[in-house]
Amino acid sequence: MSEESSNAGRSGESGVASEGRSGAEKEVSTSGLDFIRTIIAEDLASGRHTHVVTRFPPEPNGYLHIGHAKAICLNFELADEIPNSRCHLRFDDTNPSTEETEYVEGIQADVRWLGFDWGEHLHFTSDYFEALHDYAVDLIRQGKAFVDDQSADEIRANQGSLTEPGTESPFRNRSVEENLDLFARMRAGEFEEGACVLRAKIDMASPVVAMRDPILYRIQKKSHHRTGNAWCIYPMYDFAHCLSDALESITHSLCTLEFLDHRPLYDWILDQLSTPSRPRQIEFARLNVGYMVTSKRLLRRVVEEGHVSGWDDPRMPTIAAMRRRGYPARAIREFCDAVGVAKRDNLISFANLEFHVRQVLNREAQRRMGILDPLKVVIENYPEGEEEFLEAVNNPEDPAAGSREVPFSREIFIERDDFMEEPPRKFFRLAPGREVRLRYAYFITCREVVKNEQGEIIELRCTYDPETRGGDAPDGRKVKGTLHWVSARHSIPAEVRLYGTLFAEESPDPKGEGGLEASLNPDSLEIRRDGRLEPSVAEFAPGETIQLERIGYFCLDPDGSREQPVLNRTVTLRDTWARVAKKEGAAGPQGHGRSGEPSGKRKRKGRGKKADPEGEGR
RNA sequence: UGGGGCGUCGCCAAACGGUAAGGCAGCGGCCUUUGGAGCCGCCAUUUGUAGGUUCGAAUCCUACCGCCCCAACCA
């Protein structure tokens, strides 16, 4: 319990202000603050607290997802905003049958990657097992807890229903001595799993089901990932969580709405026991994002049933997956900030997340050229065997990013859907007889279309204007379109993975007809194996994200090599042409390698989701 | 049907009795060597509904309607 050291030092121990400081309520401006920050501002103004201690308390039974990201940002940012405050990372490891070390490591990596630091305050509920046990004994001594020999079925049957009160256990009135003895023997391993449990003695007739003599301890003869076989009784969430908060001097214990009903129990337990501090639980609405699902149970199924390659498959809504896909940590943070904190159910559009991803990538990602679906172009009047290097800006949004040289030669590749034999209105790209600009290179004019026996276009014959080197015509003539390209001879091959949404509908219903299987988007992954990239892409390391001009942002995947990079499409560029083409009704090209884009159906029967059985907020 | 929470623009979200911020999406336009980015403009006479209080109501009161959560020895 040496939890009293604040990162920033010199703050009041439990966060509660010393007497003299409190006094008259100061007026604080809370305008524009979310309700949690409002509460905190008032606590600070009234002198109730001098600083804040929050915590992010994941259970190590799976990887963190976008929903956790919101809780992480909220808790850690609060600690950053308020002087002398801190945020703990606490693993809520009270259930040895589902928890593993693999997850505690993954979770730490994810939180760190998101940009947060818990300093000295890495904690485990399992560190408090002894203290928790002593608190339980205290409760028994007070006559407020008892050992119940009923079976799980009996306990359930006697619990009553939502409209009917439960009935008291026949073991409810055992003496303190007997309970003490029985609990000691539970701990000593004398009973089998399920033989008995420790229950609080509260009120079987309470309209709040959580208050009907809730179970505090159960027997589990399982090895725990940290305590090994030291224990065979493990505390339940409701008992462990509030006390762990109190032991760590947490001031504001933020969790998701499904724990609202548990608050009376949270408070009851703390009211019965003498703890070093008195935390306050505050509930907020969990984050829901379109086409994503945030239930560790479900995500685990998606992984285990092989619908994706793993927890970090770029289609997953996990933090590890978003990292692999190329979502910048900053984008996720800005997204969470923008979404806000409130108590109403929500479903944030996937487009909103993508907006934040594009926003930071636009500022930070270097530009390169690459072709997803190559169409060969021969520039007839360009000397055979010749090559030259053209200067290209690395990031127009960031002059400091400098420039590079891109090789040019007689044979190049352009994007297949940058050419149309019979261009519709408003199609500004290449067409027979039309002149366009090759980015950073020359104006070219299409002279001839070469087809195979099947009538498929296999090559374009063009001419270039040597006067337009770099992309400007000395005579001032303009072109409507600028195309990206790659020198055939110099380019390197690439595999490009295009991702659509993992789920088919904005508000997936894996519990409905067809189950999980039917709710998945069958087109969530499209692999392009014929990609060609300008050679300098080889210089990027796995994990780095670049923009392929006019196409989108792509992250180098660890599966690739320098010789043959593998690119994960992070997000497409906004594609005005796709919208125009659609509006024009033209069956024109759909843009560059679109696949499985959200179709925009917003089916939802009611808002919000069934609570994650492993809700992320606590 | 017991208890609890929540209803403000298509999606988020401010407004705390003084006359509906902002973001996303969308729609126009400008600009552009990325149909990207950027810039400009438009986008709730009305806050689930119906009453009431008040000079004045999204904010207070009443009733109704709707959505979500709670009956794991999970968290």
Side-chain angles (χ1 to χ4, degrees), chain A residues 30-34 38 57-59 61 92 94-95 97-98 148 151-152 155-156 159-166 193-194 196-199 206-210 212 215 217-220 234 236-238 240-241 255 257-264 283 285 290 296-297 338-349 351-356 358-359 362-363 367 369 393 396-397 426-429 437-441 470-472 479-484 547-552 573-580 591 602 605-618:
Chain A
T30 57
S31 185
L33 295 181
D34 61 63
T38 297
E59 182 188 15
N61 68 345
D92 214 345
T94 58
N95 186 354
S97 50
T98 58
D148 193 349
S151 69
I155 289 177
R156 201 173 309 121
Q159 192 155 214
S161 72
L162 293 179
T163 51
E164 300 153 333
E193 285 188 14
C196 51
V197 293
L198 182 72
R199 289 231 256 170
S206 172
V208 178
V209 180
R212 320 239 260 228
I215 293 170
Y217 267 90
R218 80 291 210 184
I219 298 169
Q220 273 200 43
Y234 292 92
M236 299 288 288
Y237 165 83
D238 286 307
H241 204 91
C255 63
L257 244 22
E258 63 267 29
F259 292 93
L260 217 175
D261 293 322
H262 294 243
R263 194 163 78 208
E283 312 82 9
K296 278 193 274 183
R297 204 197 98 256
V339 146
V341 181
K343 295 181 83 164
R344 47 182 107 82
D345 289 336
N346 59 77
L347 206 205
I348 312 299
S349 65
N352 197 318
L353 210 207
E354 290 194 317
F355 166 81
H356 289 279
R358 289 192 185 102
Q359 184 172 258
N362 177 53
R363 299 190 297 248
R367 273 60 168 172
M369 290 193 286
V393 168
E397 304 296 318
K426 295 188 180 174
F427 181 83
F428 302 150
R429 285 114 92 147
R437 171 169 41 235
L438 293 179
R439 176 140 236 232
Y440 296 125
D472 278 311
V479 288
K480 293 282 273 184
T482 299
L483 273 42
H484 59 282
Q547 181 194 103
L548 291 184
E549 294 212 34
R550 303 212 305 132
I551 305 178
L573 252 26
R574 276 186 76 231
D575 190 347
T576 308
W577 164 240
R579 279 205 299 275
V580 171
R602 244 188 125 81
K605 344 156 279 313
R607 327 281 298 286
K609 302 246 186 357
K610 168 78 176 161
D612 180 350
E614 299 143 290
E616 75 269 9
R618 317 114 311 158

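Only this structure's heavy atoms are used, side chains among them; waters, hydrogens and symmetry mates stay out.
What separates CD1 of I155(A) from P of C74(B) is a distance of 11 Å, to the nearest Å. C68(B) atom C1' lies 13 Å from atom CG of L347(A), rounded to whole Å. Between F428(A) atom CZ and U32(B) atom P there is a gap of 14 Å when expressed in whole angstrom units. If you measure from atom CG of L162(A) to atom P of C68(B), you get 15 Å, rounded to the nearest angstrom. For the pair I215(A) CD1 and C74(B) P, the computed distance is 8 Å after rounding to whole Å. At whole-Å resolution of the value, NE2 in H484(A) and C1' in U34(B) are 9 Å apart. Following rounding to the nearest Å, Q220(A) (CD) and C74(B) (C1') show an atom-to-atom distance of 10 Å. Distance CD1 (I348(A)) to P (G10(B)): 15 Å, rounded to an integer number of Å.
Among the protein residues, R367(A) comes within range of the nucleic acid bases, having at least one heavy atom under 4.0 Å from a base atom. Among the atoms of the strands shown, only primed sugar atoms or phosphate atoms (P, OP1, OP2) are found under 4.0 Å from some heavy atom of V339(A). Using a 4.0 Å heavy-atom distance criterion, S151(A) is classed as a base contact. Using a 4.0 Å heavy-atom distance criterion, D261(A) is classed as a base contact. Residue contacts for G32(A): at a heavy-atom cut-off of 4.0 Å it reaches the sugar-phosphate backbone alone, with no base atom in range. Across all strands shown, M236(A) has heavy atoms under 4.0 Å from sugar-phosphate atoms exclusively, and none from any base. Counting non-hydrogen atoms under 4.0 angstrom, T163(A) reaches a base of the nucleic acid. Note on Q159(A): only backbone sugar-phosphate atoms sit closer than 4.0 angstrom, heavy atoms only; bases stay farther off. Using a 4.0 Å heavy-atom criterion, one finds that P165(A) contacts no nucleic acid atom at all. Within 4.0 Å (heavy atoms only), T94(A) reaches sugar-phosphate atoms of the nucleic acid but no base atom. Within the nucleic acid shown, D472(A) comes within 4.0 Å of at least one base atom, counting heavy atoms only. Among the protein residues, K480(A) comes within range of no part of the nucleic acid, since none of its heavy atoms lies under 4.0 Å from any strand.
Comparing the C1' positions of U59(B) and A21(B) gives an interatomic distance of 16 Å, to the nearest angstrom. Comparing the P positions of U54(B) and A15(B) gives a spacing of 28 Å, expressed to the nearest Å. For the C1' atom pair drawn from C11(B) and C43(B), the interatomic distance equals 14 Å after rounding to whole Å.
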Legend entry - Heavy-atom protein contacts under 4.0 Å, nucleotides 21-28 of chain B, coded B base, S sugar-phosphate only, - none: --BS-SSS
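Between R344(A) and G7(B) there is a side-chain polar atom (N or O) within less than 4.0 angstrom of OP1 or OP2. The side chain of R550(A) contributes an N or O atom lying less than 4.0 Å from OP1 or OP2 of G35(B). The phosphate of A37(B) (OP1 or OP2) has no side-chain N or O of Q547(A) nearer than 4.0 angstrom. For R437(A) and U34(B), the shortest distance from a side-chain N or O to OP1 or OP2 is not below 4.0 Å.
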Legend entry - Canonical and wobble pairing (Watson-Crick, G-U, under 3.5 Å) of RNA chain B, dot-bracket with |: .((((((..(((.....[...))).(((((.......))))).....(((((..]....))))))))))).....
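Residue V341(A) is the one, among V341(A) and G471(A), whose nearest nucleotide of RNA chain B lies closer to the 5' end (criterion: closest heavy atom).
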